[in-house]
2 protein chains.
Amino acid sequence: MMDEAKDSGLTRIQRRNREIILEGALTVFAVNGFRGTTIDQIAAECGLSKPNVLYYFPSKDEIHKTLLTKLLDMWLAPLENIEPEGEALQEVLDYVAAKLRMSREYPRESRLFAYEILRGAPHLTEILGGRLRNTVDDAVAVLRGWTEAGKLRNVDPHHLIFSIWSMTQHYADFEVQVRAVLGEGHDPFSEAEIFLEDMYRRLLTP
Amino acid sequence: MMDEAKDSGLTRIQRRNREIILEGALTVFAVNGFRGTTIDQIAAECGLSKPNVLYYFPSKDEIHKTLLTKLLDMWLAPLENIEPEGEALQEVLDYVAAKLRMSREYPRESRLFAYEILRGAPHLTEILGGRLRNTVDDAVAVLRGWTEAGKLRNVDPHHLIFSIWSMTQHYADFEVQVRAVLGEGHDPFSEAEIFLEDMYRRLLTP
DNA sequence: CCTGATCCTGACTATTTGGTCAAGAATTGG
DNA sequence: CCAATTCTTGACCAAATAGTCAGGATCAGG
């Protein structure tokens, strides 16, 4: 077997089963967290035997790390897609909307990261201070540029980003609470969309 | 031994040791979550033996539940302290500030709740739909009143509350991330205080 | 259809962990 | 100062859990 790039050295079956395992593991980790998840649960979730799961991944740790790094791109993409040449306010509003949409469509990913950060991010330490920080720094620079050009009201760009993260992810991570408080007959996400658009428009319009 | 109210039926030693255990358990649960915490860790944290911990509480579950219910009052107090007769905007700003201060001073409590909600809140189900929801409903009514009286700009009161919760608790729950992104030389909480005051003032001023 | 490689699993081990218990140590009240 | 009560713990148990392994099933290429 040759050892080309990334996935190329893998059998069809390997590719498929690794995918199945990551998919199932994501579901279980998102509900129970790392420590609360057992390999048996993952195996059951994907309809494989436990030894079979461990045939494709050497350990529970490895499954978890693989998931986190694999999903980080997706999670950071909207921030990287901010277009410095775009219309400032609209770019931010688009980012907020994109982030909220991700919380709605990928709540498992949101929870996976939430659990990991809560634990102190043992599997993400380098990334937090490295790639993530760089990405944020870039975005911060763009925001500052817009502010200096008078296109945005002057607010602390770091905390602006934190606010967007926390508010959008809240609807995925704390969904139980949100639903309990709202009761029946609410669509948290579409209400949030309206609220957030209004909020950031008001906050950032010069 | 007679069985009067709450704590009264307890020895001095019982009161003291239960307190020590809850204190130590809070520290450990806040870092590792429920499933990630072992009774041994709790025992070590408080300098007691494991059987001794289990002499004062029948199970790990019970320690956790006791902590959650005990701390819920504290956690909800600021929301209950909103004064309908007060000056609307200032009341909300005070609430935000109080909530942020709690994140700074009681990060363990914040994380304890965050972990619990993330898990789906098995130890808080009744409370979420009961007491919490009522408290929020009351606050929502007050906010609506202020809005109708023209004292606050018209925003969805539920989502206003969610936004305050998520943004303030973010600084406790996701502290690792916040610090990694900001780097050295920042005081996240005092920066957040400025940002949040500005944000909510702007959002809510009619 | 044959053979070597890949895939899969039942049975197993070692460790961790929640919880028990009997017996000794300390404390309390009379 | 004595006895009853309360407190503490070493030793233990049963269940859960991460991970192993030998051998059988399946598959891909020739």
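In this text, all values refer to a predicted model and were calculated from it rather than measured experimentally.
Residue B:Lys60 contributes atom NZ, which lies 8 Å from atom C1' of C:dG18 at whole-angstrom precision. B:Phe57 places its CZ atom 15 Å from the P atom of C:dT20, with the value rounded to the nearest Å. Here D:dT5 presents its C1' atom at 15 Å from CG of B:Leu10, a figure rounded to the nearest Å. The separation between A:Glu62 atom CD and D:dG19 atom P is 10 Å, rounded to whole Å. The separation between B:Arg15 atom CZ and D:dC7 atom C1' is 16 Å, rounded to whole Å. As a whole-Å value, the separation of B:Gln14 CD from C:dT27 C1' is 12 Å. The CG atom of A:Asn17 sits 13 Å away from the C1' atom of D:dC27 (whole-angstrom rounding). C:dC8 atom P lies 14 Å from atom CZ of A:Arg18, rounded to whole Å.
Ring pair B:His123/B:Tyr115: centre-to-centre distance not below 6.0 Å. Aromatic rings from A:Phe195 and B:His158 are positioned such that their centres are separated by 6.0 Å or more.
Minimum atom distance to the side chain of A:Ile13 is reached by C:dC7, of the listed C:dC7, D:dC7, D:dT8. For A:Ser59, taking side-chain heavy atoms from C-beta onward, the closest of the listed nucleotides D:dA28, C:dC8, D:dG19 is D:dG19.
Side-chain polar atoms of A:Ser110 and A:Asp173 form a donor-acceptor pair below 3.5 angstrom. Side chains of A:Tyr171 and B:Ser166: a donor-acceptor N/O pair is absent below 3.5 angstrom, by distance only. Counted by atom type alone, B:Asp138 and B:Thr135 present zero donor-acceptor pairs between their side chains at under 3.5 Å.
Remark: A:Arg18 is positioned above the aromatic ring of A:Phe57, its terminal NZ or CZ atom under 6.0 angstrom from the ring centre and at most 45 degrees off the axis.
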Next item on the list: Decide yes or no on side-chain contact (heavy atoms from CB on, under 4.5 Å) for B:Phe34 and B:Ile63, but give the supporting numbers first.
Entry: CA-CA 10 Å; B:Phe34 181 75; B:Ile63 302 178; over 6 Å; no
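Near DNA chain D, meaning a heavy atom under 4.0 Å from it, residues 35-56 of chain B has B:Arg35, B:Ser49, B:Pro51, B:Asn52, B:Tyr55, B:Tyr56 in order of number. A heavy atom lying under 4.0 Å from DNA chain C marks none of the residues of residues 112-122 of chain B.
The aromatic rings of B:Phe162 and B:His159 sit perpendicular, their planes meeting at an angle over 60°, well past the 30° parallel limit.
Residues in residues 20-46 of chain B take part in these salt bridge (Lys or Arg N to Asp or Glu O under 4.0 Å) pairs, two or more places apart or across chains: B:Glu23-B:Arg108, B:Asp40-B:Lys50.
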